Amino acid sequence: LSSLFKNPLINDLEIEKEIILEEILEDRDENGQNIDIETISRSLIWNNTHNISLPVIGSEQNINKIDKTDLLLHHKKSLSGKNIVISASGNLEYKPFFDNVADSFSWVKNGQLSEFQYAPIVKNGPKMSVVCHNSSKVDVFLSFCAFKETDPRFYTLIMLKRILDY
C-alpha cells in the first residue's frame with residue numbers, strides 16, 4: 001500500500017476522467033438537470049457560498065482540465081504524515097499490524113497539515129427544493145444543522161438516523 005503513495009503511476013488518466021464524467025452524468029436527468037439529492041441539499045444549505053455546497057465528484061470543467069502534473073503536484077503537497085489516517089478492521093493483532101504500518105510508511109515525512117476551510121454555521125432555513133424529473137423513484141432528503149461529532153449529543157443523532165433510515 002505504501003508503494004502506491006510513494007511512487008504513484010497515474011496511468012490511464014484520460015480513461016479515469018471519462019469514468020468520472022460518466023458518473024457525473026448519473027447525477028443528472030436527460031435535460032442535464034442535477035438530480036443528486038445530497039448535492040441539491042448542500043447547495044441549498046450553504047447557498048453555494050462554500051465548497052461543501054458543490055458536487056463532491058467535481059464539475060465537468062474541472063475534471064477536463066486536470067492533468068498528470070496537477071495530480072503529482074497535489075500528491076507532493078498533500079502527502080505528509082500529518083495528513084494521513086490509516087484505519088484497519090478485521091481479524092488482526094494490533095502490535096504486528098502497527099509495526100508493519102510504521103515500517104512501511106517510515107519514508108513519509110511529517111510535513112505540513114493541509115489547511116481546510118471549515119463550513120460556516122448557517123441560519124437560513126427553512127428551505128425546500130423540489131426537482132421534477134422522470135425517474136421511477138422519489139427521493140426525499142431532510143437536512144438540518146446539528147451537533148459536531150465531538151458533542152456527546154451527536155450519538156443521539158446517529159441513533160435517530162438509524163431509526164429513520166430503515
Side-chain angles (χ1 to χ4, degrees), residues 1-28 34 36-43 45-122 141 143-166:
L1 181 62
S2 69
S3 65
L4 292 172
F5 291 102
K6 190 172 188 176
N7 302 307
L9 298 177
I10 308 180
N11 291 334
D12 303 321
L13 182 58
E14 292 308 311
I15 293 171
E16 295 298 330
K17 286 166 64 170
E18 287 299 319
I19 292 169
I20 293 169
L21 292 171
E22 286 179 25
E23 290 175 359
I24 288 173
L25 291 176
E26 291 175 8
D27 292 339
R28 300 201 177 143
N34 183 358
D36 177 56
I37 194 77
E38 290 186 38
T39 300
I40 293 167
S41 177
R42 285 193 310 272
S43 68
I45 292 170
W46 282 280
N47 298 317
N48 293 315
T49 60
H50 187 272
N51 292 340
I52 200 168
S53 67
L54 302 172
V56 173
I57 198 165
S59 68
E60 292 175 52
Q61 296 80 12
N62 286 344
I63 299 303
N64 283 323
K65 67 182 179 180
I66 291 173
D67 61 18
K68 187 172 183 172
T69 304
D70 294 326
L71 294 176
L72 289 172
L73 182 63
H74 179 73
H75 176 271
K76 183 178 179 182
K77 180 180 173 184
S78 302
L79 183 68
S80 70
K82 290 186 178 182
N83 292 320
I84 293 177
V85 174
I86 299 173
S87 301
S89 174
N91 187 13
L92 54 91
E93 294 181 39
Y94 175 79
K95 176 102 172 84
F97 174 78
F98 180 85
D99 291 344
N100 189 355
V101 169
D103 182 54
S104 297
F105 285 86
S106 62
W107 58 270
V108 177
K109 294 179 175 49
N110 204 19
Q112 295 293 319
L113 183 64
S114 295
E115 291 187 28
F116 297 96
Q117 179 187 10
Y118 292 98
I121 296 173
V122 293
F141 203 75
S143 300
F144 53 94
C145 294
F147 315 111
K148 294 180 180 181
E149 290 178 349
T150 56
D151 188 306
R153 297 171 292 175
F154 178 77
Y155 298 102
T156 304
L157 295 178
I158 297 298
M159 186 62 88
L160 179 62
K161 181 186 181 302
R162 287 190 179 194
I163 292 168
L164 295 175
D165 196 22
Y166 53 87

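Remember, predicted model here, so these are calculated numbers, not experimental data. We're numbering straight along the sequence, starting at 1.
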- Where the side chain of D36 meets the backbone of D27, is there a donor-acceptor pair that is under 3.5 Å apart?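 Side chain of D36 to backbone of D27: no pair is present.
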
- Backbone N or O of T39 within a donor-acceptor pair of the S43 side chain at under 3.5 Å?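 Yes; at least one donor-acceptor contact below 3.5 Å.
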
Gap between atom [atom2] of [Y] and atom [atom1] of [X] - 0.5 Å precision:
X	Y	atom1	atom2	value
E60	I63	CD	CD1	9.5 Å
S3	F105	OG	CZ	8.5 Å
L92	F98	CG	CZ	13.5 Å
N62	I57	CG	CD1	12.0 Å
D67	L13	CG	CG	7.5 Å
L21	E18	CG	CD	5.5 Å

Kindly give the heavy-atom pair with the smallest separation between [X] and [Y], and that separation in Å.
X	Y	value
I24	G58	CD1-O, 3.8 Å
S2	W107	O-CZ2, 3.5 Å
F5	L79	O-CD2, 3.6 Å

So with a 6.0 Å cut-off around [atom1] of [X], is the heavy-atom count from everything else above 12?
X	atom1	result
Y155	OH	no
H75	NE2	yes
F154	CZ	yes

- Task: Kindly state each residue pair satisfying side-chain hydrogen bond (donor to acceptor under 3.5 Å, both in side chains) with at least one member in residues 90-103, sequence neighbours excluded.
- Result: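 For residues 90-103, and leaving out neighbouring residues, the side-chain hydrogen bond (donor to acceptor under 3.5 Å, both in side chains) pairs sorted by first residue read K95-D99, N100-S104.
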
- Give the intermediate values and the outcome of side chain to side chain contact (heavy atoms under 4.5 Å, CB included) for residues D70 and K65. CA-CA 9 Å; D70 294 326; K65 67 182 179 180; 5.9 Å; no

- Query: With sequence neighbours excluded, what pairs up with L72 under the side-chain contact (heavy atoms from CB on, under 4.5 Å) test?
  - Reply: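 P8, I10, K68.
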
